[in-house]
4 protein chains.
Amino acid sequence: MGAVKGKRVPRAVREQQMLDAAVRIFARRGYRAASMDEIAELAGVSKPLVYLYLHSKEELFTACIRREAAALVTAIRGAIEPGAAADRQMWEGLNGFFAHTAAHPDGWAVLHVQARTQGEPFALEVAAMRAEIVELVTRQIAVATREAGCVPEPAGQEASALAEALVGAAESLADWAGAEGAEGPSAKETAATLMNFAWAGLGNLMRGRGWALG
Amino acid sequence: MGAVKGKRVPRAVREQQMLDAAVRIFARRGYRAASMDEIAELAGVSKPLVYLYLHSKEELFTACIRREAAALVTAIRGAIEPGAAADRQMWEGLNGFFAHTAAHPDGWAVLHVQARTQGEPFALEVAAMRAEIVELVTRQIAVATREAGCVPEPAGQEASALAEALVGAAESLADWAGAEGAEGPSAKETAATLMNFAWAGLGNLMRGRGWALG
Amino acid sequence: MGAVKGKRVPRAVREQQMLDAAVRIFARRGYRAASMDEIAELAGVSKPLVYLYLHSKEELFTACIRREAAALVTAIRGAIEPGAAADRQMWEGLNGFFAHTAAHPDGWAVLHVQARTQGEPFALEVAAMRAEIVELVTRQIAVATREAGCVPEPAGQEASALAEALVGAAESLADWAGAEGAEGPSAKETAATLMNFAWAGLGNLMRGRGWALG
Amino acid sequence: MGAVKGKRVPRAVREQQMLDAAVRIFARRGYRAASMDEIAELAGVSKPLVYLYLHSKEELFTACIRREAAALVTAIRGAIEPGAAADRQMWEGLNGFFAHTAAHPDGWAVLHVQARTQGEPFALEVAAMRAEIVELVTRQIAVATREAGCVPEPAGQEASALAEALVGAAESLADWAGAEGAEGPSAKETAATLMNFAWAGLGNLMRGRGWALG
DNA sequence: CATGAATGAGTGTTCATTCAT
DNA sequence: CATGAATGAACACTCATTCAT
């Protein structure tokens with residue numbers, strides 16, 4: 001797959017090839033069903049080399065999770081223009097998120113689908129990344145309400161719950177957008193849908209109004 | 001697990017005991033990591049009997065998915081009062097959903113966490129159930145907008161997207177509510193949170209207003 | 001090798017067949033070089049069955065050591081006539097020892113050659129058996145000196161050292177007798193040689209006389 | 001291990017460093033469990049260099065056995081004063097043996113414990129050395145009996161058997177002395193114990209008296 | 001029906017060994 | 001010489017599955 005077999009290649013490069021292959025196999029088969037043989041073959045190397053560099057299936061999976069998590073967070077942060085207005089920043093972040101997950105569906109599957117189902121050590125790895133994103137969103141919401149001059153400012157707990165719901169919704173939408181066969185909605189469309197949705201909830205939050213059992 | 005060993009028990013009952021055990025093990029270990037030995041032991045029967053009734057691990061897992069999916073859909077439908085107003089029905093449905101997932105965390109884990117990660121055949125099984133629920137919600141949204149006298153009525157696609165987002169958000173919230181250690185939010189609280197959130201989005205949809213890139 | 005392959009055989013019997021095979025392979029190849037595949041094949045069963053009954057290579061080896069140790073101790077004790085004179089008992093014990101090691105060279109190799117070289121857990125197992133035999137011999141020496149009216153009786157430490165040397169010499173002679181290609185000395189001859197040798201040392205011990213740097 | 005990394009070092013020296021490391025690792029881990037990686041690392045050289053000089057694990061082990069065997073024989077021969085009386089020579093030889101094994105426990109372990117358990121080729125290597133020592137002792141015994149004016153001289157077979165037993169006892173005592181945790185008996189004490197023991201047997205041999213089934 | 005006996009096919013992992021640079 | 005890159009072959013161990021009793 002790309003690399004010509006047998007070529008001498010520096011370790012750093014080979015490691016990335018192995019991680020590429022591993023992410024793809026783990027995403028498609030799941031952690032348990034993925035076989036080191038298949039990963040090695042797809043990476044174009046022998047199995048012992050995979051063990052020499054990545055030490056074990058567990059460490060290999062962890063390395064995949066870490067790499068993909070870092071890439072996703074970097075993509076989101078990189079999409080946000082620091083000086084912009086809060087709503088603009090939220091839109092940019094969502095856009096970056098959906099663009100990245102759409103461009104790297106296997107990485108997203110490893111993070112959101114596979115890692116969370118394979119026991120604490122892996123799930124915690126993803127939970128750490130998720131917590132980082134939720135915190136980022138929480139801060140944006142706080143800024144947004146302040147900018148909008150909301151009085152009194154919503155409690156931190158409310159902003160946190162809203163952020164949690166927003167991230168959850170984004171995750172589900174990423175799955176949804178990625179699952180389509182031929183041509184799913186573009187990242188921008190998906191981001192717009194969610195932004196539309198979220199902004200209203202945010203507005204209600206600010207105005208303290210919501211749906212009530214009529 | 002309940003059944004006294006050695007007792008003659010009708011097939012239908014035995015099968016349910018096996019499915020109970022299987023759901024529990026599959027939920028906790030995942031499909032691949034679950035062992036037929038452990039399931040048979042937990043069910044209090046011999047392994048060959050499991051094979052006699054359920055034929056294979058794959059069919060056993062499929063049977064678990066079908067049973068839990070049916071139970072969930074039944075719970076949701078059963079919670080909805082047919083004659084009520086659309087918003088009331090949505091609230092009841094959400095409430096039923098969160099109450100059921102909270103009461104049957106293993107079943108929910110099998111459906112939402114395990115089945116989706118183990119390849120097409122299982123994922124499709126769940127997708128079918130999910131499609132049924134999304135369709136149900138889509139219809140409720142359509143009715144709600146009509147009842148509210150919204151002119152022009154939103155296109156089907158918009159209602160569908162909204163339903164999809166709502167279901168996705170509900171799924172994420174069910175995970176979130178279930179993951180809490182000591183005492184997560186009650187089903188009613190969770191349902192209220194989401195209803196609050198969704199109703200606003202629905203309102204915007206009806207008024208054709210949303211957030212726009214300023 | 002004896003058992004017809006494929007036959008249903010009760011567990012206890014199969015376990016002995018497996019231990020027979022394992023003792024043979026471990027004796028010839030050593031612990032590390034022995035392969036479970038080879039053992040299973042020689043036992044006429046599949047590898048999983050070996051694991052089902054004996055759990056792991058380590059436990060299998062331990063089981064071999066225990067069985068052979070117990071057999072050896074039983075052989076020695078069984079050869080000794082309880083009421084006889086001390087020297088007679090010593091002769092009988094030696095005779096039993098050499099007869100058993102000659103009749104079961106693989107078992108002896110497992111105990112004396114292989115088990116002691118494969119790390120503490122195994123070596124300790126053998127050390128326990130050896131301690132039992134040394135203690136038995138020590139008691140016999142004490143009785144022998146008493147019967148001979150030796151005054152003053154030798155200290156326990158001296159009897160213990162003599163027993164240790166005697167056992168060591170016996171072990172070496174067992175190796176020697178067993179190593180011969182065609183026709184080594186008979187157990188009786190070997191026992192006589194050592195008895196001859198030991199009795200003199202014992203005599204010196206009793207008389208307090210020994211060789212001294214002239 | 002001593003050598004500063006990177007220094008150009010003549011082949012003969014490097015080989016000795018490798019053998020030092022190999023003896024240590026083989027003694028502690030056994031032949032199969034020892035890894036070439038660990039040996040190379042302990043020797044402070046790269047693995048290919050080990051292969052360049054020693055060709056294979058098997059040859060490396062053989063080289064260890066030969067070096068340690070030669071050292072032991074040299075130590076024994078060097079301890080014996082050629083012109084001395086036979087009993088004196090025996091005492092010196094034993095003393096040299098116990099002193100050497102105590103000073104080089106790893107070398108002794110390789111010879112007596114590891115080499116004998118790893119199949120014919122290695123065991124034969126040790127057997128050759130052992131035969132040399134047994135022959136040396138046999139000659140000393142013959143001389144001793146002649147010096148003592150024993151008539152008739154014992155048959156060669158008897159002297160040979162006595163030598164064999166003496167060597168076996170010495171080997172066992174070397175293990176025993178080496179196995180002690182804190183402070184085992186000194187080489188001289190050990191040699192004295194065995195000499196004491198042996199001299200008596202020798203005396204009996206000369207006088208044709210022994211223990212007989214009463 | 002229930003069960004103990006049994007296995008084919010595969011898994012993750014290791015290691016001695018080679019070769020281009 | 002020294003080293004990082006690379007692998008063929010094997011090994012311990014597991015599991016879903018079957019069948020005779």
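Chain letters run A, B, ... following the sequence lines, proteins first, then strands; residues in each count from 1. If you're wondering where the values come from, they're calculated on a predicted model, not measured in any experiment.
- At a non-hydrogen distance threshold of 4.0 Å, Pro48(A), Leu49(A), Tyr53(A) from residues 47-59 of chain A come into contact with DNA chain F.
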**Request:** Please report the C-alpha distance between Trp108(D) and His112(D) in whole Å, then the side-chain angles of each, then the deciding distance to 0.1 Å, and finally whether the ring-ring contact (aromatic ring centres under 6.0 Å, His included) criterion is met.
**Result:** CA-CA 6 Å; Trp108(D) 175 241; His112(D) 189 241; 4.8 Å; yes
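- Going from atom CZ of Phe122(C) over to atom OG1 of Thr117(C) covers 10.0 Å, rounded to the nearest 0.5 Å.
- Contact check, Ser46(D) against dT3(F): a side-chain N or O comes under 4.0 Å of OP1 or OP2.
- No donor-acceptor pair closer than 3.5 Å links the side chain of Lys47(A) to the backbone N or O of Glu38(A).
- Arg29(B) places its CZ atom 11 Å from the P atom of dC15(F), with the value rounded to the nearest Å.
- Remark: Glu15(A) CD is packed, more than 12 non-hydrogen atoms of other residues, nucleotides or ligands lying under 6.0 Å away.
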**Message:** Go through it in stages, so that I can follow the logic: the residues are Arg67(C) and Asp20(C), the test is salt bridge (charged side-chain N to carboxylate O under 4.0 Å, His left out), and I'd like the CA-CA distance, side-chain angles, deciding distance and then a yes or no.
**Reply:** CA-CA 10 Å; Arg67(C) 190 183 78 165; Asp20(C) 289 344; 2.8 Å; yes
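- To the nearest angstrom, P of dT7(F) lies 21 Å from CE of Met36(D).
- dC1(F) atom P lies 13 Å from atom CD of Gln17(D), rounded to whole Å.
- Atom CZ of Arg14(C) is separated from atom P of dG4(E) by 17 Å (rounded to the nearest Å).
- Rounded to whole angstrom, the span from the CE atom of Met18(C) across to the P atom of dC13(F) amounts to 15 Å.
- Comparing Arg11(B) and Tyr31(D), the nucleotide of DNA chain E nearest to each residue sits closer to the 5' end for Arg11(B).
- Comparing Ala12(A) and Ser35(C) by the nucleotide of DNA chain F whose heavy atom lies nearest to each, the residue mapping closer to the 5' end is Ala12(A).
- Going from atom CD of Glu38(A) over to atom P of dA9(E) covers 19 Å, rounded to whole Å.
- A distance-only check finds a donor-acceptor pair linking the side chain of Lys57(C) to the backbone of Tyr31(C) [under 3.5 Å].
- Rounding to whole angstrom units, CZ of residue Arg32(B) and P of dT14(F) are separated by 16 Å.
- Note that the CD atom of Gln118(A) and the CD atom of Glu58(A) stand 10.5 Å from one another [nearest 0.5 Å].
- Note: CG (Asp37(B)) to C1' (dA16(F)) measures 9 Å, nearest angstrom.
- Contact annotation for Ala34(A): backbone-only contact, meaning every heavy-atom pair under 4.0 Å involves sugar-phosphate atoms and none involves a base.
- Atoms CE and CE, from Met18(A) and Met36(A) in turn, are 9.5 Å apart once rounded to the nearest 0.5 Å.
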**Item:** Under the 3.5 Å Watson-Crick or G-U criterion, the dot-bracket string of DNA chain F, with | for inter-strand pairs
**Value:** .||||||||||||||||||||
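- Closest approach of Ile65(A) and Leu111(A) over heavy atoms only: O-CD2, 3.6 Å.
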